[in-house]
Amino acid sequence: MAGIYLHIPFCKQACTYCNFHFTTSLRYKDDLVKALAQEAKAEKAYLNGEQVETIYFGGGTPSLLEIADLQFLLSELHKSYPISSDAEITLEANPDDVTKEKGQAWKGIGINRLSIGIQSFFEEELRWMNRAHNAIQAKQCIENSYAAGIDNLSIDLIYGSPLLTDEMWEQNVKTAIAYDIRHLSCYALTVEEKTPLHKNILSQKALDVDNDKQARQFLQLMQWLRSAGYEHYEISNFAKSGFRSKHNSSYWKGVHYLGLGPSAHSFNGEQRRWNVANNNAYIKSVHTVTPQREVEILTSAQQLNEFIMISLRTMEGIDFNKIENGWGEDERKRLKKDLVKYVDSGLITLNNDHAQLTDEGMLRADGIAADLFV
Ligand code: SF4
């Protein structure tokens, strides 16, 4: 099985914290759509004929594309790849783009899952983040999706911003629960270098994030969502039974995927590669025999480190049998020995040959994973 990701690098306006690749100019939108179709055709061999189970339009803001653009891209994919009849086809959408009519049209062309960047239901926070939508649209988009017959919704929420009190956070999460949202992705606000937020903090126009508050809000989140019947299947992701993201889960399981578009990443088991993060350079080079991209062949040690990092973030944790099958018995022994201090300090538990992070351990996931690397 395999997945295909398409990067749509356009947004209405720039959110202050964002470091994804996008532009607010739609000038080259048509050229970019054609280039995506061209790349899809040219890269046909990358997935080696594997059945495609998931397609993901990410960005940027893919909901800015016309229905005809999305339909064209899907039909081009069908020409070059074997796509399962029940493939999960996700469109990332911004709340201000989600009307009932658009929802029906998306459904009509085969999109069966929306991932909506709500981030907060509070007007003051949305303004602070410079989001393109308002608090009314944050709720309206959910109602419009349901009215259009799209129940398989994921929403993104951000915690730990300076404006977000614990009471507001509780209200954000409980609003999502009340709407019976099937899947939630919740991220701590991260201050990335060179973003407007970073500059605002440096010039003291914005308050910095408070790490203690972020940790507290993450612990609260886990408690509320577990009590509401969600599976916490990856550090940032929660789902009702049967509604885990198949596309994102395949990244975590090492399933092969092809990324199309500027800045998109691909992985075929042996190499990882990523396209140039520049729309013009991408559009020009996709026509040539040497498209602009970087390629990295993973060593066995890099593959092991990646496996440790990714699986530690999941509910299933690190599977020692997989470690032994992939990297040998010595690696299994080494890892078990290195884990002892985390088990003793209550950050990791061992169950049936799996090592899983405890709630407290999740707060330190990156550091623990790095310490376990070969
Ligand atoms: S809509 Fe998404 S991709 Fe676009 S600027 Fe905001 S966070 Fe970044």
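As the structure lists them, so they are numbered: ligands from 1, and atoms in each ligand from 1.
- Classification of the Tyr159-Trp169 ring pair by plane angle, with boundaries at 30° and 60°, yields tilted.
- Residue contact annotation: Gly117 has no non-hydrogen atom under 4.0 Å from ligand 1.
- In terms of protein heavy-atom proximity, atom 8 (Fe) of ligand 1 is nearest to Cys18 SG, 2.3 Å.
- For Cys15, heavy-atom contacts with ligand 1 shorter than 4.0 Å involve the backbone as well as the side chain.
- Nearest to atom 4 (Fe) of ligand 1 among the protein's heavy atoms is Cys11 SG, 2.3 Å.
- Both tests pass for Lys336 against the ring of Phe320: distance under 6.0 Å to the centre and angle within 45° of the axis.
- Less than 4.0 angstrom separates some heavy atom of Phe22 from each of these atoms of ligand 1: 5 (S).
- Nearest-residue assignment for atom 2 (Fe) of ligand 1 (options Arg131, His133, Gln13, Glu92; heavy-atom criterion): Arg131.
- A cation-pi arrangement is present between Arg273 and Tyr46 under the rule of less than 6.0 angstrom and at most 45 degrees off the ring axis.
- Residue, atom and distance of the protein heavy atom nearest to atom 3 (S) of ligand 1 are Gly60 N, 3.3 Å.
- In this structure, Tyr5 and Tyr56 have parallel ring planes: the angle between them is below the 30° cut-off, well short of the 60° mark.
- Less than 4.0 angstrom separates some heavy atom of Asn94 from each of these atoms of ligand 1: 1 (S).
- Classification of the Tyr251-Tyr257 ring pair by plane angle, with boundaries at 30° and 60°, yields perpendicular.
- Residue Asp338 holds its CG atom at 8.5 Å from CD of Glu331, rounded to the nearest 0.5 Å.
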